[in-house]
Amino acid sequence: MVHPSRIHDHSGGSLPVSGRYVLYWMQASQRARCNHALEVAIAEAGRLGVPTVVAFGLTGQYPEAQPRHYRFMLQGLAETAQDLRERGVAFCLRLGEPPEVALELAAEARLVVMDAGYLRHQRAWRTKVTRGAPCPVLEVESDVVIPARVASDKEEYAARTLRPKIHRLLGAHLRSLEPSPVHVFAGDMGVATEDASDVEGLLSALNLTGDVDTTPHCLVGGTSQAVERLEGFVTRRLPHYHDRRSDPAEEWTSGLSPYLHFGQIAPLEVALAAQEAGGQGAEDLLEELIVRRELSINFVLHNPAYDRYECLPEWARATLGKHSEDIRDPIYTAEELEQAATADPYWNAAQREIRLTGAMHNYMRMYWGKKILEWTRTPEEAFAITLALNNRYCLDGRDPNSYAGVAWCYGKHDRPWQERAVFGTVRSMTRGGLDRKFNMAAYTERVEAL
DNA sequence: ATCGGCTCGCGCAA
DNA sequence: TGCGCGAAGCCGAT
């Protein structure tokens, strides 16, 4: 049973009349398990007595996406396609703009179910499908624990303003999802599709222009990888998560961010696993996974400038502006930063980490962003460089969390602190702070060994 | 090692 | 209208 607040009916009163299948246009929730949109599609198909077809539109033009992002995603889709077929659901992968692929297949659909996306292009795609589909369209939110507009109908100021709203709704929404039985198996639907298992062939077909490719240190995509990682995290790391999650010297975090970004695992599945384990570590994980993550979604949904300096609160822009003439020393170019060629070994290690692995330790990610503010000519330029490097190298780049995380470095969702050069009253971070708290030699050695 | 002050604005209590 | 308090900090005083 899918909680009705996850389902948004865009049919405008139109009724399903003809059509030979229910189409689930999969775009964000790229998984065959714990997927509310998929379960709604299967349940509706059963009610209508037709099979379910899942379609994915694969475009080589995805904003800022690099080969390493595509490979990770396609590894996951290959597995998802197989899992769906085993369940009696057809999977159709087509090259093209996602909304166009969805509308091609909607022509023969009785009903379209789609998942939710919160960035502006994702919302525009869904609007296009809603307006263009010849049948009713349901949007189902499966990549959040609390549906975004149910949690809050406005931009929240900080975690503390969203937290009580989320906690009030947790009881009703932190509920496991039972798979719906498939009544009408999809046989040969006569629907043209690419071969989803041919990851390298698809990569070639996309003619990608980006030059940031997968390395042997990058994670492998896919739901089974995510589930395996989740199980290891819950048994081995969660008991120490409260005390050690901030320490970059060792890996005590879940590392699930890329899998969550591509929807290869549901936040609900992660939350339920942590909740079942219990303890302070679980409390901390749920705070990050639900309150902080869904604050990021609230941010991109309600702040139209989420990818620009203008997204920052007034006080932050005022104080950074007041200090825009402060002497910066050293100053690095975007190129020097990208090459990890600064005089700071800790920063260089963090940058090396994203270049080689596609991920960066959570704590270092804050330090890394704060230092770019300190080492470039203007806070506007710093913001742009930080976001560009983040999105280019991190496997979870372009996630709402990425936008909120970068903006946090510049004052978003935070409060003012003691005024100082360059930062003004935006919270600063220093090398000394890292040395005081952590074994930084262990961190740099770990990254150097990659 | 620990502690207070720094500084703003939201949201609740009154 | 007043007041408490907040993602991860920093610095200087004790």
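For the numbers below, each heavy atom of this structure counts, side chains included, while hydrogens, waters and symmetry mates do not. Chain identifiers are assigned alphabetically (A, B, ...) following the order of the sequence lines, protein sequences preceding nucleic acid strands; residue numbering begins at 1 within each chain.
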Sugar-phosphate only, base, or nothing, as touched by [X] at under 4.0 Å among non-hydrogen atoms:
{"X": "A:R365", "value": "nothing"}
{"X": "A:R436", "value": "sugar-phosphate"}
{"X": "A:K154", "value": "sugar-phosphate"}
{"X": "A:A159", "value": "sugar-phosphate"}
{"X": "A:W417", "value": "base"}
{"X": "A:M429", "value": "sugar-phosphate"}

Reading DNA chain B 5' to 3', which nucleotide is the first, and which the last, to come under 4.0 Å of any heavy atom in chain A?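 Answer, 5' to 3': B:dG5 to B:dG11.
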
Nearest-angstrom distance from the residue atom [atom1] of [X] to [atom2] of [N]:
{"X": "A:I290", "N": "C:dA7", "atom1": "CD1", "atom2": "C1'", "result": "16 Å"}
{"X": "A:R293", "N": "C:dA7", "atom1": "CZ", "atom2": "P", "result": "19 Å"}
{"X": "A:N401", "N": "C:dA8", "atom1": "CG", "atom2": "C1'", "result": "15 Å"}
{"X": "A:Y157", "N": "C:dA7", "atom1": "OH", "atom2": "P", "result": "12 Å"}
{"X": "A:Q418", "N": "C:dA13", "atom1": "CD", "atom2": "C1'", "result": "13 Å"}
{"X": "A:K370", "N": "C:dA8", "atom1": "NZ", "atom2": "P", "result": "10 Å"}
{"X": "A:W408", "N": "C:dG6", "atom1": "CH2", "atom2": "P", "result": "16 Å"}
{"X": "A:R415", "N": "C:dA7", "atom1": "CZ", "atom2": "P", "result": "8 Å"}

Do the rings of A:Y62 and A:H121 sit parallel, tilted or perpendicular, given the 30° and 60° boundaries?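 Because their plane-to-plane angle is over 60°, the rings of A:Y62 and A:H121 count as perpendicular.
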
Under 4.0 angstrom between [X] side-chain N/O and [N] OP1 or OP2:
{"X": "A:K437", "N": "C:dG9", "value": "yes"}
{"X": "A:R427", "N": "C:dA8", "value": "yes"}
{"X": "A:R163", "N": "C:dA7", "value": "yes"}

Determine whether the side chains of A:N390 and A:S402 contain a donor N or O and an acceptor N or O closer than 3.5 Å.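 Indeed, the side chains of A:N390 and A:S402 share at least one donor-acceptor pair under 3.5 Å.
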
Just checking, is any N or O donor in the side chain of A:N298 or A:E156 under 3.5 Å from an acceptor N or O on the other one?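 Side-chain D/A pair, A:N298 to A:E156: absent.
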
Cation-pi check, [X] onto [Y] ring (under 6.0 Å, within 45° of axis):
{"X": "A:R123", "Y": "A:W125", "answer": "no"}
{"X": "A:R245", "Y": "A:Y241", "answer": "yes"}
{"X": "A:R120", "Y": "A:Y306", "answer": "yes"}

Could you measure between the two [atom1] atoms, the one in [N] and the one in [M], and give it in whole Å?
{"N": "B:dA14", "M": "C:dC5", "atom1": "P", "value": "14 Å"}
{"N": "C:dG9", "M": "B:dG9", "atom1": "P", "value": "23 Å"}
{"N": "C:dT1", "M": "B:dT7", "atom1": "P", "value": "25 Å"}
{"N": "C:dA7", "M": "B:dA1", "atom1": "C1'", "value": "23 Å"}

Who pairs with B:dG9 - Watson-Crick or G-U, where each distance is under 3.5 Å: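 For B:dG9, the partner nucleotide comes out as C:dC5, under the 3.5 Å rule.
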
For C:dG12, which nucleotide in any strand shown is its Watson-Crick or wobble partner with both distances under 3.5 Å?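 Pairing partner: B:dC3.
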
Per the side-chain hydrogen bond (donor to acceptor under 3.5 Å, both in side chains) rule, which among A:E338, A:R68, A:H69, A:Q351 passes with A:Y393?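 In the set A:E338, A:R68, A:H69, A:Q351, the residue that makes a side-chain hydrogen bond (donor to acceptor under 3.5 Å, both in side chains) with A:Y393 is A:E338.
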
In the structure I gave you, are the side-chain heavy atoms of A:Y24 and A:L138 within less than 4.5 Å of one another anywhere?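 No - every pair of side-chain heavy atoms lies 4.5 Å or more apart.
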
